[in-house]
Amino acid sequence: MPSLGRLHLITDTRPGRDPLGVLRAALPVARAELVVQVRVEDDASDREAYELARQVVGLCRPYGATCLVNDRLHVALAVDAAGGHVGAEDLPVAAARRVLGAGALLGATAREPGGAAAAVAAGASYLGVGPCHATTTKSGLPDPIGPAGLRAVAGAVDVPVIAIGGVTVASVPALRAAGAYGVAVVGALSGSPDPARTTAELIAALTC
Ligand SMILES: Cc1ncc(COP(=O)(O)OP(=O)(O)O)c(N)n1
Ligand SMILES: Cc1ncsc1CCOP(=O)(O)O
Ligand SMILES: [Mg+2]
């Protein structure tokens, strides 16, 4: 199974955002520590998801960065991505594992220890845990679990835990101290005036 980078950049395809521009800035800085998760809005077509994922795979390859696809595992297979990520409204983890195969990276969303352990038993190779902090990027989320909630999940599993939700450079140290292997960000990079610099700051905070 491929090794897992610590900085997960989730594509921001909301109007006015520039997911590929952000990726081009982040890649030369984070290189193989970068995992790019292709995430499109629910109303995007499969063709749009495929075209974005195809470009992301091509951009990642020279840097040894990893491309995963959120939710749409057929798109992950179609573009030969390294794997995918599923949550409570997507295919169950065991079904997702069957789709992707034994050698793929498979992420699952978890918020508490019981669900986390079940996801790992079903075949998850890492967990996305959160929301750790408040976020405006996705609506309808439960209350943030904070570093304490993350610590409870990290203590229950033996796979990498990726903290998500309102993550900034400043919040990384506390999340790492609570057991996070890495972090997943949308707004911290998509909304940054200097994504290359913010990538460098995130990598420094994740690897010091
Ligand atoms: C790394 C990571 N963690 C959590 C999520 C959220 O997945 P999910 O709960 O399925 O919600 P959507 O992203 O599909 O809206 C994630 N994508 N990545
Ligand atoms: C998809 C998702 N799932 C939980 S929080 C989140 C969005 C994270 O975005 P941001 O890094 O901008 O808070
Ligand atoms: Mg999902």
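Every number for a ligand or one of its atoms is a count from 1 in the order of the listing.
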Enquirer: Distance to 0.1 Å, residue and atom name: give those for the protein heavy atom nearest to atom 2 (C) of ligand 1.
Expert: His85 CE1, 3.3 Å
Enquirer: Kindly indicate, with the supporting measurements, whether the criterion side-chain contact (heavy atoms from CB on, under 4.5 Å) is fulfilled by Thr109 and His85.
Expert: CA-CA 8 Å; Thr109 303; His85 186 99; 2.9 Å; yes
Enquirer: Can you check whether Val167 has an N/O within less than 3.5 Å of an N/O in ligand 2?
Expert: no
Enquirer: Answer with side chain, backbone, both or neither: which part of Val186 has a heavy atom less than 4.0 angstrom from an atom of ligand 2?
Expert: both
Enquirer: Find all atoms of ligand 2 within a distance of less than 4.0 Å from any non-hydrogen atom belonging to Val185, and give their numbers and elements.
Expert: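 In order of numbering, the contacting atoms are 11 (O).
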Enquirer: Might you confirm whether atom CZ of Arg197 has over 12 heavy atoms from other residues, nucleotides or ligands at distances under 6.0 Å?
Expert: no
Enquirer: Would you kindly confirm whether Ile203 and Leu59 end up in one hydrophobic cluster when ILVMFWY residues are joined by side chain heavy atoms under 4.5 Å apart?
Expert: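 Cluster IDs for Ile203 and Leu59 match.
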Enquirer: Within the 4.0 Å heavy-atom shell around Asp90, which atoms of ligand 1 are there?
Expert: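 Listed by number with element: 10 (O).
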Enquirer: Salt bridge between Asp71 and Arg39, side-chain N to carboxylate O under 4.0 Å?
Expert: no
Enquirer: Is the closest heavy-atom distance from Gly130 to ligand 2 below 4.0 Å?
Expert: no
Enquirer: Counting each atom of ligand 1 from 1 as listed, which ones have a heavy atom of Ile164 under 4.0 Å away?
Expert: 2 (C), 3 (N), 4 (C), 5 (C), 16 (C), 18 (N)
Enquirer: State the atoms of ligand 1, each with its element, that fall below the 4.0 Å cut-off from a heavy-atom position in Arg39.
Expert: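 Checking each atom against Arg39, I get 12 (P), 13 (O), 15 (O).
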Enquirer: Taking non-hydrogen atoms only, is Leu141 closer than 4.0 angstrom to ligand 2 via side chain, backbone, both or neither?
Expert: side chain
Enquirer: Is the shortest distance from a Lys or Arg side-chain nitrogen in Glu51 or Arg47 to a carboxylate oxygen in the other one below 4.0 Å?
Expert: no
Enquirer: With heavy-atom distances below 4.0 Å as the criterion, list the atoms of ligand 1 near Lys138.
Expert: 11 (O), 12 (P), 15 (O)
Enquirer: Would you say Glu33's side chain and Arg6's backbone share a donor-acceptor pair under 3.5 angstrom?
Expert: yes
Enquirer: Establish whether Val93 and Val75 are linked, either directly or via other cluster members, by ILVMFWY side-chain heavy-atom contacts under 4.5 Å.
Expert: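 Hydrophobic grouping puts Val93 apart from Val75.
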Enquirer: Would Thr137 count as a polar contact of ligand 2, with the cut-off being nitrogen or oxygen pairs under 3.5 Å?
Expert: yes
Enquirer: Identify the closest protein heavy atom to atom 8 (P) of ligand 1: which residue and atom is it, and at what distance?
Expert: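 Heavy-atom neighbour on the protein nearest atom 8 (P) of ligand 1: Thr109 OG1, 3.5 Å.
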Enquirer: Is there side-chain contact between Val35 and Leu105, with heavy atoms separated by less than 4.5 Å?
Expert: no
Enquirer: Answer yes or no for Glu89: is there an N/O/S atom below the 2.8 Å cut-off from the Mg ion (ligand 3)?
Expert: no
Enquirer: Any idea which atoms of ligand 1 are less than 4.0 Å away from a heavy-atom of Asp71?
Expert: 10 (O), 14 (O)
Enquirer: More than 12 heavy atoms of other residues, nucleotides or ligands under 6.0 Å from CG of Asp80: is that the case?
Expert: no
Enquirer: To the nearest 0.5 Å, what is the distance between CG (Asp18) and OG1 (Thr13)?
Expert: 12.0 Å
Enquirer: For ligand 1 and Gly87, I'd like to know whether there is a polar contact (N/O to N/O, distance under 3.5 Å).
Expert: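 Min N/O separation from ligand 1 is below 3.5 Å for Gly87.
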Enquirer: Counting each atom of ligand 1 from 1 as listed, which ones have a heavy atom of Gln37 under 4.0 Å away?
Expert: 1 (C), 2 (C), 16 (C), 17 (N), 18 (N)
Enquirer: Might you point out which heavy atoms bring Ala76 and Leu100 nearest each other, and give the distance in Å?
Expert: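 Closest heavy-atom pair between Ala76 and Leu100: CB-CD2, 4.3 Å.
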Enquirer: Which angle, to 10 degrees, forms at the Mg ion (ligand 3) with OD1 of Asp71 on one side and OD2 of Asp90 on the other?
Expert: 90°
Enquirer: Quick one: does Ile10 get a heavy atom under 4.0 Å from ligand 1?
Expert: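 So Ile10 counts as touching ligand 1.
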Enquirer: Should you measure from each heavy atom of Gly187, which atoms of ligand 2 turn up under 4.0 Å away?
Expert: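 Near Gly187, the atoms of ligand 2 are 10 (P), 11 (O), 12 (O).
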Enquirer: Looking only at distance, does Asn70 have an N or O less than 3.5 Å from an N or O of ligand 1?
Expert: yes
Enquirer: I want to confirm something. Looking only at heavy atoms, which of His8, Arg39, His85 is nearest to atom 1 (C) of ligand 2?
Expert: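 It is Arg39 that holds the nearest heavy atom.
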Enquirer: If two hydrophobic side chains count as joined below 4.5 Å and joins carry through other members, does Val167 share a cluster with Leu141?
Expert: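 As far as the 4.5 Å side-chain criterion goes, Leu141 and Val167 are not connected within one cluster.
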Enquirer: What are the atoms of ligand 2, with element, lying closer than 4.0 Å to any heavy atom of Thr135?
Expert: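 Those of ligand 2 that fall under 4.0 Å from Thr135 are 9 (O), 10 (P), 12 (O), 13 (O).
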Enquirer: Can you find an N or O of Arg111 that's nearer than 3.5 Å to an N or O of ligand 1?
Expert: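 Such a contact does not occur with ligand 1.
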Enquirer: Look at atom 2 (C) of ligand 2 and say which protein heavy atom is nearest, naming residue and atom and giving the distance to 0.1 Å.
Expert: Ile164 CD1, 3.7 Å
Enquirer: Can you give me the closest heavy-atom contact between Ala96 and Val86, atom names plus distance?
Expert: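 Here Ala96 and Val86 meet closest at CB-CG1, 4.0 Å.
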Enquirer: Are the aromatic ring centres of His8 and Tyr126 under 6.0 angstrom apart?
Expert: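 Yes; Tyr126 has its ring centre under 6.0 Å from that of His8.
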